Structure formats: C-alpha cells, structure tokens
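Start at 1 with the first residue, then count along the sequence. It should be emphasised that the depicted structure is a prediction, and the values quoted were computed from it without experimental measurement.
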Amino acid sequence: QVQVVESGGGLVQPGGSLRLSCAASGSILEINAMGWYRQVPGKERELVAVIRSAGSTNYADSVKGRFTISRDNARNSVNLQMNSLKSEDTAVYYCNVNLVTYRGQSYDYWGQGTQVTVSS
C-alpha cells in the first residue's frame, strides 16, 4: 500500500555535490521518521541520516558537516543534500520510511535504492 521512490543518484567527482530525493505515497496515516541508509558490497547497510517527526536529526559521524537531511511533511518526502563528496561515499543509498500503521504499529518501508558513485 505504500511506495517509496528515490531519485537523484549518479556519478560525481570528489568534492562535488549531489541531492537525493525520496517520496512516499499510498496509505499513509503518519510518518514517524524518514532516513537514508547506504550499503556497499560486502558490508552491512549503515545509517547515513535520519529526521524524525519532531524535526530532530542524526547523522553518521563520517558525513557530519557535509550532508544535510530535510523533510517536507506536506509532500511526504525527504531529501539528502550531499556536499564535499568523497570516494568513500560511493554506495547504494536507500530511503527508509517509518510509518504508523492503521493498527497503531510502526513499520519500515524501503526504497529500491539509488547508486551514488564518487570518482575522478
């Protein structure tokens, strides 16, 4: 009932910038939080940034000062502005949406992922 779609990935040079976007649609009662995770082959998926309903945010130490997460509640969307990109940022980035279900429970929905490659 809920669809999560990411966009904005691509190839950029080190030091460049990229903006990822994610939109959730469908049967949405309430969004608790939205966030971005990333994963490289052979490694666990890791949290990049998250923004909660009250507006608080958390970032991975490796991206603090370079990435900024923002949320548009009216559009059920979240963005990740990535600046000063490094080769270490290369990964598939996944959008996560934590929702309140009609049964009063929380549930995570995931996007299909968008590739970010930082290379000269």
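Taking the side chain as every heavy atom from C-beta outward, S119 and L11 approach each other to under 4.5 Å. By the 4.5 Å heavy-atom criterion applied to side chains, Y93 and V48 are counted as neighbours. Between S17 and Q81, some side-chain heavy-atom pair lies under the 4.5 Å cut-off. No side-chain heavy atom of T101 sits less than 4.5 Å from a side-chain heavy atom of L29. A 4.5 Å side-chain heavy-atom check between Q13 and L85 finds every atom pair outside the cut-off. Between M82 and V116 the shortest side-chain heavy-atom distance falls below 4.5 Å. Contact annotation: the side chain of T117 never approaches that of V12 to less than 4.5 Å [non-hydrogen atoms, C-beta and beyond]. Counting heavy atoms from C-beta on, the side chains of N32 and V100 come closer than 4.5 Å.
The aromatic rings of Y37 and W110 lie perpendicular to each other, with more than 60° between the two planes, well past the 30° mark.
Ion pairing between a basic and an acidic side chain is recognised when a charged N comes within 4.0 Å of a carboxylate O; D61 and K64 show such pairing.
Side-chain N or O atoms of Y59 include one that pairs as donor or acceptor with a backbone N or O of I69 at under 3.5 Å.
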Chi angles and distances behind the side-chain contact (heavy atoms from CB on, under 4.5 Å) call for Y109, C95: CA-CA 8 Å; Y109 289 87; C95 178; over 6 Å; no
Verdict with reasoning, N58 to R52, per side chain to side chain donor-acceptor pair (under 3.5 Å): CA-CA 9 Å; N58 286 98; R52 301 177 180 85; 2.5 Å; yes
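The minimum heavy-atom distance between A91 and R38, with the atom names listed, is CB-CB, 3.8 Å.
Checked by atom type, the side-chain pair S21/N79 shows a donor-acceptor distance below 3.5 Å.
Within 6.0 Å of CD on Q39 lie more than 12 heavy atoms contributed by other residues, nucleotides or ligands. Counting non-hydrogen atoms of neighbouring residues, nucleotides and ligands closer than 6.0 angstrom, the CZ atom of R19 exceeds 12 such neighbours. Enclosure of atom CD in E44 is not indicated, since only 12 or fewer non-hydrogen atoms of other residues, nucleotides or ligands lie within 6.0 angstrom.
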